[in-house]
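Step one of this worksheet: look at the structure below.
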Amino acid sequence: MSSGTAWLVLFVAGLCEIGWAVGLKYTEGFSRLGPSVATVLAMVASVVLLGWSLKVLPLGTAYAVWTGIGAVGTAILGIMLFGESREVARLLSICLIVAGIVGLKLLTPDSH
């Protein structure tokens, strides 16, 4: 797998991370079958894709980017779907996470 492909796989893993985190809200404590199945599938896909990306990417960078994508996406969807706070300090904090993700990507060599 090339470095570019590994980053793409990691990005999709991060999207799955968002999916299962948001999905947890809809499972109602895993009491609803459909959302529970979708959430578990997203969990499995997220971890499997993260594992594949680790064939090429450094562990610390990949894990930080994976969790960062999940945190940012989940926070944004929390605002959009659940009316969570849009306080300026919160939005700036989300921007700092994005800056960290971009920095890690830019500073990671093509191979480890």
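The structure presented is a predicted model; accordingly, all values stated were derived computationally and were not measured.
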Problem set entry | ring pair (Phe, Tyr, Trp, His ring centres under 6.0 Å) against Phe11, all qualifying residues, sequence neighbours excluded | none
Problem set entry | Check: Thr67 side chain, Ala64 main-chain N or O, donor-acceptor pair, under 3.5 Å | yes
Only distances under 3.5 Å count here; give the side-chain donor-acceptor pairs of residues 30-38 to other protein atoms, sequence neighbours excluded, each with its distance to 0.1 Å.
| from | atom 1 | to | atom 2 | distance (Å) |
| --- | --- | --- | --- | --- |
| Ser31 | OG | Glu28 | O | 2.6 |
| Arg32 | NH1 | Tyr26 | O | 2.8 |
| Ser36 | OG | Arg32 | O | 2.5 |

Exercise. When you look at CE of Met1, are more than 12 heavy atoms from neighbouring residues, nucleotides or ligands closer to it than 6.0 Å?
Worked result: yes
For this session: Report whether Trp20 and Val40 are members of the same hydrophobic cluster (ILVMFWY, side-chain heavy atoms less than 4.5 Å apart, transitive linking).
Result: yes
Problem set entry | Joint cluster assignment, Ile76 & Val65, ILVMFWY side-chain distance < 4.5 Å | yes
Problem set entry | Expected output: side-chain Arg90 to main-chain Ser85 donor-acceptor under 3.5 Å | yes
Exercise. Is there a path from Leu50 to Leu41 through hydrophobic residues (I, L, V, M, F, W, Y) whose side chains come within less than 4.5 Å of each other?
Worked result: no
Exercise. Taking all non-hydrogen atoms of both residues, which atom of Leu49 and which atom of Ala13 are closest, and how far apart?
Worked result: CB-CB, 3.5 Å
Exercise. If you group Ile, Leu, Val, Met, Phe, Trp and Tyr by side-chain heavy-atom gaps below 4.5 Å, do Ile69 and Leu106 land in one group?
Worked result: yes
Problem set entry | Main-chain N/O of Ala42 paired to Ser46 side chain as donor or acceptor, under 3.5 Å | no
Exercise. What is the minimum heavy-atom distance between Ala62 and Leu10, and which atoms define it?
Worked result: O-CD1, 3.7 Å
Exercise. Are Ile18 and Leu15 close enough that some pair of their side-chain heavy atoms sits under 4.5 Å apart?
Worked result: yes
Exercise. Is any side-chain heavy atom of Tyr63 closer than 4.5 Å to a side-chain heavy atom of Leu54?
Worked result: no
Exercise. Are Leu104 and Leu59 co-members of a hydrophobic cluster defined by side-chain heavy atoms under 4.5 Å apart?
Worked result: yes
